[in-house]
Amino acid sequence: MTTAPLPEQANGRRHSPIGQRRGHRSPVLSEAERRAIRELGLRNLRRLRYHDPDAPQWTVISRLIQPMRDVNASFDTPPTMHMTRAMNDAIAVVILRCADVGRAYWDWTDQEWLDLLGHSHKAFREQVPDWAEGAVRPFLCGHAYHLGGFVGFHQLGRFDRLTLACRIFGRQLVEEEIGQVRAVLTGWGYQYGKEHDKGVPSVMSQLFLLNRSPYGSDLTTSFFDRVRREDLLTDDGTRVLFAVQRALAELGFCESPILRSTSEMVADVGVPPGWAEWVERWTSTTTLTRRHRLNTRAALLKVGRWIASEQPGAEDPTAWTRQTCAAWIAAVDRMKIGDYVVRASGYQDRVGQPLQARSKAGLVRATRVFFRDVQEWEWLPRRFDPLRALAMPRTINALIGPSPRVIADDVWAKLLWAGLNLQTDDVPCGKAGPIYPVELVRAVTLTWLFSGQRSNEIARLRLGCIRWQHDGAPVAGNATQVLAQDAVCLLDVPAHKTGTAFTKPVDPLLGQAINAWEALRPSQPKRTDRRTGEQVDYLFSYRARAISSGYINSSIIPMLCRKAGIPTTDIRGSITSHRARSTIASQLYNAKEPMTLFELQAWLGHRSPQSTQHYAKITPNALSRAYSEAGYFERNVRTIEVLVDRDAVASGAAAAGEPWQHYDLGHGYCTYTFFEQCQHRMACARCDFYTPKNSTKAQLLEAKGNLQKMAVSIPLTEDEQAAVTDGQTAIDQLLARLVDTPTPAGPTPREIEAPGTARLLPIVDVRQGKATQA
């Protein structure tokens with residue numbers, strides 16, 4: 001294995017291999033040098049007791065011995081007997097190997113040095129004589145570094161690289177360079193910066209050895225790129241490398257590492273090259289937001305795999321016709337989960353199931369946007385209208401509409417209890433302890449439970465987003481002159497998916513939790529807000545990184561479900577961060593004093609009420625209560641008593657025009673046969689069909705024995721409803737519901753004797769039934 005070319009010398013401080021300064025000498029050992037090595041023997045080569053330092057053979061091999069003596073003299077190591085013995089044995093091992101291979105060590109390849117050092121300590125012991133103990137190998141690594149330019153220390157397994165770097169570059173210098181990086185990481189909240197941590201010293205030691213320089217200022221961005229590209233660190237070191245580069249970037253020595261999302265890494269495997277080129281060209285040109293851009297790119301790559309499978313001649317967008325669009329729409333309508341994807345590891349249990357309507361709509365929409373843009377940009381001729389040829393089918397569109405996945409009230413109450421009673425033991429932990437401080441986790445949790453914001457908006461909240469007001473005037477969060485219940489807590493929400501920044505009132509518990517985290521939050525570097533392009537201080541930032549938008553789904557919700565003793569799924573699917581937004585909106589919409597749709601729209605930050613309808617869902621209980629209180633039937637239909645004169649019917653007088661039907665109006669009777677159609681039935685005093693009850697005719701009618709009493713439903717107009725509706729009904733119904741409910745003292749109202757001044761209102765039960773004869 002040959003090491004990649006080392007970076008150019010920086011600032012004249014790079015350490016050059018000692019062996020390279022003697023590279024003009026012949027690498028081949030002469031017969032005299034081999035004979036001298038054999039004659040010296042182990043006693044002299046190892047400098048054991050009774051060795052002869054003046055033996056003439058030393059002069060013969062001086063060109064081999066002197067560079068290694070210089071290396072030993074350059075090591076920063078205590079001159080103890082044990083260290084001296086290990087250094088002398090390292091020289092003996094190298095000299096004997098030179099005699100075996102017949103070449104000087106400065107001609108050895110990296111692979112030959114690696115064979116000598118071994119991939120592990122066990123492999124090393126198999127390559128060297130038995131007398132070469134464990135302390136010899138680290139010194140041999142130093143000789144390999146100086147004499148052969150060897151830097152493949154990531155291939156040597158586990159050994160103390162910090163000690164090796166200190167021996168080569170000097171302990172004080174190495175510790176100073178590592179110390180400034182650890183100070184930055186400690187200030188950001190990294191565990192790596194603690195004194196007990198070995199990750200940062202080990203990684204930086206490897207970087208110093210690889211770069212052949214002990215200065216952090218020499219660790220450039222291109223060097224870090226090379227380390228990642230060629231995988232020049234151990235597995236443990238790769239995890240720490242990101243933090244080290246960020247700290248060095250903060251010190252101004254290099255650029256900060258770039259985080260790449262999984263969507264950005266979606267491979268174009270199985271996509272025709274021509275189509276892939278068009279997709280990448282569109283991706284680099286569109287002005288959509290990053291997330292929308294990457295999601296559309298992934299959908300277009302799926303289109304490319306469909307092309308490769310079903311439409312080989314359509315890899316060039318210029319070849320697309322209305323027929324191609326129709327074929328793609330039909331394929332989407334019949335598509336199943338797992339079709340035309342690279343891997344389905346995240347949803348193996350659902351592979352083969354039909355795609356949801358929204359997923360189908362996303363694929364159609366992505367294709368339509370792509371062709372709309374490339375035609376608008378005049379990259380290809382306009383052969384069809386994407387808005388029509390790639391329109392959403394009505395069969396798919398009909399399945400898409402407002403359907404908030406509200407979490408049940410009892411489950412949500414348990415999640416609230418878990419969030420309000422969060423303890424240190426509940427916080428997710430890693431090997432080194434809690435991943436985030438409990439104050440940060442509590443603040444994020446209450447923000448999710450009370451703010452009704454999207455997860456990415458929570459992750460993008462700014463430092464100082466909580467403000468307190470009393471009577472419209474700003475106050476401090478810890479002000480003592482204002483009662484807590486009188487202060488209003490306001491949350492400043494940054495620009496988001498559907499609108500610009502806005503301010504909303506939230507529960508004071510949320511404000512107190514955020515203030516508690518702000519008091520403990522370590523100083524963090526400003527980060528670029530990808531949506532606005534501003535340099536901002538993120539509220540939930542730790543170890544110089546804002547929490548991810550997936551942190552609530554991956555950590556907060558499972559933690560709360562464990563504490564509350566509930567599953568992470570319900571009848572509507574998994575409990576996700578976005579479902580809290582629907583749940584809170586629906587509860588505010590169905591409260592005893594509910595928010596109106598427009599108030600809820602402003603609280604959620606929507607541009608239109610149509611968006612709010614996707615979150616606010618009226619509950620069946622609230623709908624039933626509203627329907628009952630509206631009194632639809634009673635409001636529109638009233639029953640009225642009718643007297644039917646059977647004598648008039650039986651004698652045939654009714655056929656001759658004699659009145660036979662008498663509508664009881666309370667104050668009189670109406671004899672008009674089509675009373676329910678009369679427009680004047682609320683003002684009957686002057687009507688010819690009206691018979692007042694105090695008249696003789698009415699008294700004779702009531703005296704008849706052959707009368708049949710019936711109840712007829714009469715529809716009422718709005719004016720009539722206002723005339724007959726009063727407020728007594730609601731009181732009667734309330735008393736009826738509470739008559740057997742115990743009072744705080746124990747007895748029910750039925751058991752309590754009412755005082756003389758009280759009057760219990762009667763409970764009227766009006767039922768419709770079949771008419772009966774009187």
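Across every non-hydrogen atom of V506 and S451, the tightest pair is CG1-CA, 4.4 Å. The nearest pair of heavy atoms linking I400 to R358 is CG2-NH1, 3.6 Å. Shown here for G304 and P272, the closest heavy-atom pair between the two residues is O-CD, 3.1 Å. For G313 against A319, the heavy-atom pair with the smallest separation is O-CB, 3.5 Å. Residue A366 comes nearest to L300 through the heavy atom pair O-CD2, 3.8 Å, listed as atom of the first residue, atom of the second, then distance. Heavy atoms only, all atoms of each residue included: L219 and F224 are closest at O-CE1, 3.7 Å.
Side-chain contact between D409 and Q587 is present, with heavy atoms from C-beta onward closer than 4.5 Å. Counting only heavy atoms from C-beta outward, the side chains of K563 and N421 approach each other to under 4.5 Å. Within the 4.5 Å cutoff, the side chain of R293 has no heavy atoms near those of the T296 side chain. Annotation: side chain of L449 is not in contact with side chain of D507 (no heavy-atom distance under 4.5 Å). Two residues are said to be in side-chain contact when any heavy atoms from C-beta on lie closer than 4.5 Å; L539 and W517 meet this criterion. The side-chain heavy atoms of F223 and L210, taken from C-beta on, include a pair separated by under 4.5 Å. Annotation: side chain of Q375 is in contact with side chain of L380 (closest heavy-atom distance under 4.5 Å). A heavy-atom distance below 4.5 Å is not found between the side chains of Y589 and T612.
Scanning for salt bridge (Lys or Arg N to Asp or Glu O under 4.0 Å) contacts around D333 gives K360, with sequence neighbours left out. Partners of R394 according to the salt bridge (Lys or Arg N to Asp or Glu O under 4.0 Å) rule, which considers only residues two or more places apart in sequence or in another chain, do not exist here. In this view, E534 and R462 satisfy the salt bridge (Lys or Arg N to Asp or Glu O under 4.0 Å) rule, not counting sequence neighbours.
Judged by distance alone, the side chain of T445 and the main-chain N or O of I556 form no donor-acceptor pair under 3.5 Å. The backbone N or O of G452 sits nowhere less than 3.5 Å from a side-chain atom of E457 that would complete a donor-acceptor pair. A donor-acceptor distance shorter than 3.5 angstrom exists from the side chain of R368 to the backbone of L390, with no hydrogens or angles considered. A donor-acceptor contact shorter than 3.5 Å links the side chain of Q245 to the backbone of E255. Between the T286 side chain and the W282 main chain, no donor and acceptor come within less than 3.5 Å of each other. Remark: side-chain polar atoms of N553 are not paired, donor with acceptor, to backbone N or O of G550 under 3.5 angstrom. For R305 (side chain) and V269 (main-chain N/O), a donor-acceptor pair under 3.5 Å exists by modelled atom type. Of the possible polar contacts, one joining the Y190 side chain to the R543 backbone as a donor-acceptor pair under 3.5 Å is found. R572 places no side-chain N or O within 3.5 Å of a backbone atom of I407 that could act as its donor or acceptor partner. Checked by atom type and distance alone, the side chain of S202 never pairs as donor or acceptor with a backbone atom of G199 at under 3.5 Å.
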Notebook entry, point to check: Can you list the steps and then say if V303 with Y340 is a side chain to side chain contact (heavy atoms under 4.5 Å, CB included)?
Noted result: CA-CA 8 Å; V303 177; Y340 309 113; over 6 Å; no
Check: Under the side chain to side chain contact (heavy atoms under 4.5 Å, CB included) criterion, do Q311 and W306 qualify, and how do the steps go?
Finding: CA-CA 7 Å; Q311 300 283 334; W306 170 78; 3.3 Å; yes
Next item on the list: Tell me, with the steps shown, if Q613 and L597 meet side chain to side chain contact (heavy atoms under 4.5 Å, CB included).
Entry: CA-CA 8 Å; Q613 290 176 356; L597 186 63; 4.1 Å; yes
Notebook entry, point to check: So L207 and L233, side chain to side chain contact (heavy atoms under 4.5 Å, CB included) or not? Walk me through it.
Noted result: CA-CA 8 Å; L207 296 178; L233 291 181; 4.3 Å; yes
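For CD of Q535, the number of neighbouring non-hydrogen atoms (other residues, nucleotides, ligands) closer than 6.0 Å is greater than 12. More than 12 heavy atoms of other residues, nucleotides or ligands sit less than 6.0 Å from atom CD of E280. Annotation: R158, atom CZ; neighbour count of heavy atoms from other residues, nucleotides and ligands within 6.0 Å does not exceed 12. Under a cut-off of 6.0 angstrom, the local environment of CD in E376 is sparse, with at most 12 non-hydrogen atoms contributed by other residues, nucleotides or ligands. In this structure, Y551 places its OH atom where more than 12 heavy-atom neighbours from other residues, nucleotides or ligands lie under 6.0 Å away.
Judged purely by distance below 3.5 Å, without hydrogens or angles, the side chains of W377 and T285 never pair a donor atom with an acceptor atom. In this structure, a donor-acceptor pair under 3.5 Å is absent between the side chains of T576 and S574.
In this structure, OG1 on T500 lies 6.0 Å from CZ on R607, to the nearest 0.5 angstrom. Note that the CD1 atom of I575 and the OG atom of S577 stand 12.0 Å from one another [nearest 0.5 Å]. Rounded to the nearest 0.5 Å, atoms CH2 (W603) and OG1 (T596) are 14.0 Å apart. The CD1 atom of I337 lies 4.5 Å from the CZ atom of R350; values are rounded to the nearest 0.5 Å. Rounding to the nearest 0.5 angstrom, the gap separating the CD atom in Q601 from the CE atom in M595 is 12.0 Å. To the nearest 0.5 angstrom, S611 atom OG is 9.5 Å from L604 atom CG.
For Y436 and F540, the ring centers are positioned 6.0 Å apart or more. Checked against the 6.0 Å centroid threshold, W275 and W320 count as a close aromatic pair.
The side chain to side chain donor-acceptor pair (under 3.5 Å) test with Q453 is passed by exactly one of K504, H578, H496: K504. For the pairing with D385, the side chain to side chain donor-acceptor pair (under 3.5 Å) check across R383, R388, R382 returns one residue only, R382.
In this structure, R545 forms no cation-pi arrangement with Y538, as its terminal cationic atom is not both closer than 6.0 Å to the ring centre and no more than 45° off the ring axis. Remark: R281 is positioned above the aromatic ring of W278, its terminal NZ or CZ atom under 6.0 angstrom from the ring centre and at most 45 degrees off the axis.
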